**Student:** 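So that we are looking at the same thing, I have put the structure below in structure tokens.
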Amino acid sequence: MTPPGGAAAAQAARRRTFAVISHPDAGKSTLTEALALHAQAITEAGAVHGKAGRRGVASDWMEMEKARGISVTSAVLQFAHRGCVLNLLDTPGHADFSEDTYRVLAAVDCAVMLIDAAKGLEEQTRKLFDVCRHRGIPVITFVNKWDRPGREALELLDEIEREFRLKPTPVTWPVGDAGHLRGLIDVREPGRMLRYTRTPGGAREAVEEPVPAERASADHGDDWVRATEELELLGADGAVHEEEAFLAGRSTPVFFGSAISNVGVRLLLDAVVDLAPAPAARELEGGGVRPVGAPFAGLVFKVQANMDRAHRDRIAFLRVCSGVFERGMTVTRAASGKPFATKYAHSVFGQDRSMVDTAYPGDVVGLVNAGALRVGDTLYAEKAAVFPPMPTFAPEHFAVVRPVDLSRSKQFRRGIAQLDEEGVVQVLVSDLRGDQAPVLAAVGPMQFDVVRTRMAGEFSAAVKLEELPYHVARGTDAGGAEALNRSRIVRGEALTRVRDKAYLALFPDRWQANSFKREFPDARLDHLVAAHD
Ligand code: G4P
């Protein structure tokens, strides 16, 4: 007989739920397609969303998405590999970088950090890595585009170690400089080199052929010698993968390859199965944990409205954290104690939706008609559970919002309050500005576009936005707020966040924030999650 929770625990052990974090153009869409190609995509492949005109499909859920050819929505790609079920959650990038990008990381157990071999660490990689570190998410690194000229492998490792205080532990190592890739050494099987024969356009898996050391040495003398010497050096320096250090966020296993030519992609996919952690017991608000084998509990990490204009629906993305989710079951929304019926549960992938009947820990379910659900909500069955609230992230864009038509100020207030509650933007107020002109705060400017579109379309209250010249937010308290508002040296402003009544100090840049600190050394100034300095 299966023990209680046995099915959930057994299925959880087979799950790997992860995201790829990268700067735009590092190759995330290409890698996603390559991973789906290597694995057996459970959800239809070829629909990985990407830039308009590419193989992917651009969502037309909102008119503005159509205009820009980008998708606001995270797709969840599910595929099977070596007996495991992999859930790859997309972190939107490009201009649609927003709080949602960060929130996706609340729903994964591991991240693949994708780095362009020529560019190394870039701004969005840094921001996303900060969130991973803050949330204790282990990171696997993939150095991409080794098929074209780039930086030296050792130099890239050095950068990761220096900037992220993360020990890079190579699992594969390139033979040949970037742009002259001869093959890869799998450090776990050092006596050979893996040689790749590219298929035209990378349309099919590259052919991978093990070549014994003697032949690799004969064929690629200097490159081979150098690669093996570098590996010896790294080994002597302790750059060896250790599970405990990796899971604790102290080290990152590093892989090299080329997503476009499918080089090194299988090894990365194997690493997700072999190294990434399976869903585990999740911490509960107020202490204790919810084991994966406990009755069903899930976390809403993203709410997307208006995905289908015809139906004006709202879809909540839920990560199953424990137990078995079955479509049709009635669960409880922890925040209100009210029941929620899950009749319309889907797996959501790009534009396509298909009904989901059963889901296990690590899987993501889209709940349609989820008007009552909010980001950060816990849903549970049988035994009550509440997961900790979703952190709010450091906004970098600020704008005063006003109704175009003052006679619609009631609708305006209702709409702004609703969008705040849904987590579309953060809403800030101050006595100086008054209630009629709240300040919207966002991680990415795309969030403002969503506000404009939804205020006009859903709440019949068109708005105008006036961007403010601030880009840095710090947490403070009443004393700090008062000091900032009377500072004569620093250009800045203090406001209160409606959602949690926290004081935020806004500055044009970090130099101004530092000047404020010098002017008022006792004033409180806290870094917010993902604030970067
Ligand atoms: P993103 O989702 O992270 O923004 O990146 P995306 O996959 O769209 O890739 C960005 C560009 O980098 C694309 O070129 C893509 O072909 C290229 N690329 C991705 N992986 C590799 C790789 O391993 N090697 C090389 N040499 N290039 C790679 P593009 O010119 O912008 O678009 P496209 O016309 O090639 O589609």
Side-chain angles (χ1 to χ4, degrees), residues 18-38 45-59 65 68-77 88-98 100-101 104-105 111-129 139-151 153 156 172 174 176-184 194 196-206 208 254-269 349-350 444 446:
F18 70 110
V20 177
I21 59 171
S22 67
H23 192 79
D25 281 337
K28 184 157 59 85
S29 314
T30 310
L31 180 71
T32 304
E33 285 177 18
L35 287 171
L37 180 82
H38 276 258
V48 177
H49 74 220
K51 294 167 188 168
R54 291 191 41 173
R55 179 140 51 109
V57 287
S59 163
E65 288 182 66
R68 293 186 177 201
I70 51 170
S71 172
V72 182
T73 310
S74 294
V76 181
L77 179 63
L88 170 52
L89 277 58
D90 188 20
T91 49
H94 308 260
D96 50 346
F97 191 77
S98 71
D100 278 343
T101 312
V104 166
L105 296 175
V112 169
M113 176 165 77
L114 184 65
I115 295 175
D116 183 323
K119 295 185 178 149
L121 303 178
E122 297 177 85
E123 193 199 340
Q124 280 187 27
T125 333
R126 291 190 173 91
K127 288 185 185 174
L128 289 160
F129 174 76
V139 173
I140 296 172
T141 301
F142 187 80
V143 179
N144 191 28
K145 305 195 185 182
W146 207 259
D147 57 299
R148 70 177 191 200
R151 291 166 51 184
L156 289 164
T172 68
D177 289 338
H180 299 98
L181 179 65
R182 315 292 184 194
L184 294 173
L194 296 170
Y196 294 85
T197 313
R198 208 189 143 162
T199 50
R204 284 184 297 122
E205 281 184 44
E208 191 181 80
V254 183
F255 295 77
F256 290 80
S258 160
I260 208 156
S261 27
N262 286 312
V263 170
V265 175
R266 179 194 60 85
L267 288 154
L268 176 66
L269 202 55
F349 180 69
M446 180 81 167

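FYI, the numbering just counts along the sequence from 1. Indexing begins at 1, ligand by ligand and atom by atom, following the structure's order. Everything numeric here is computed off the predicted structure, so don't read it as measured data.
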**Student:** Please tell me if the side chains of L31 and N144 come closer than 4.5 Å, counting only heavy atoms from C-beta onward.
**Tutor:**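 L31 does not reach N144 side chain to side chain.
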
**Student:** Is the closest side-chain heavy-atom distance between L269 and L35 below 4.5 Å?
**Tutor:**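 Heavy-atom side-chain distance check passes, below 4.5 Å.
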
**Student:** Could you tell me which atoms of ligand 1, counted from 1 in the order shown, lie closer than 4.0 angstrom to a heavy atom of T30?
**Tutor:**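 Here the atoms of ligand 1 in question are 6 (P), 7 (O), 9 (O), 15 (C), 19 (C), 20 (N).
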
**Student:** So if I count the atoms of ligand 1 from 1 in the order they appear, which ones are less than 4.0 Å from some heavy atom of D25?
**Tutor:**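 Heavy-atom distances to D25 below 4.0 Å select 1 (P), 3 (O), 4 (O), 5 (O), 10 (C), 12 (O).
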
**Student:** Tell me, do K28 and D90 make a side-chain contact under 4.5 Å, heavy atoms counted?
**Tutor:**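 K28 reaches D90 side chain to side chain.
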
**Student:** Which of the numbered atoms in ligand 1 are under 4.0 angstrom from any heavy atom belonging to N144?
**Tutor:**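 Heavy-atom distances to N144 below 4.0 Å select 20 (N), 21 (C), 22 (C), 23 (O).
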
**Student:** Looking only at distances, please establish whether an N/O atom of ligand 1 is found under 3.5 Å from an N/O atom of P24.
**Tutor:**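 P24 vs ligand 1: no N/O contact under 3.5 Å.
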
**Student:** Would you check whether G27 has a nitrogen or oxygen atom less than 3.5 angstrom from a nitrogen or oxygen atom of ligand 1?
**Tutor:**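 Between G27 and ligand 1, an N or O pair is found under 3.5 Å apart.
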
**Student:** Closest by any non-hydrogen atom to atom 17 (C) of ligand 1: pick that one out of E33, K145, H23, K28.
**Tutor:**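 Heavy atom nearest to atom 17 (C) of ligand 1 belongs to K145.
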
**Student:** Considering only heavy atoms, which of I260, D147, V263, V265 lies nearest to atom 21 (C) of ligand 1?
**Tutor:**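 Shortest heavy-atom distance from atom 21 (C) of ligand 1: I260.
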
**Student:** Going by the closest heavy atom to atom 2 (O) of ligand 1, which one wins out of S258, S29, S22, A117?
**Tutor:**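 Answer by nearest heavy atom: S29.
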
**Student:** Holding to side-chain hydrogen bond (donor to acceptor under 3.5 Å, both in side chains), I want the full list of residues that pass it with T172, two or more places apart in sequence or in another chain.
**Tutor:**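 Listed in chain order: nothing, the list is empty.
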
**Student:** Does the side chain of Y196 come within less than 4.5 Å of L184's, by heavy atoms?
**Tutor:**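 A side-chain contact exists here, since the closest heavy-atom pair is under 4.5 Å.
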
**Student:** Not counting sequence neighbours, which residues clear salt bridge (Lys or Arg N to Asp or Glu O under 4.0 Å) with D116? List them please.
**Tutor:**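 Applying salt bridge (Lys or Arg N to Asp or Glu O under 4.0 Å) to D116 gives K145.
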
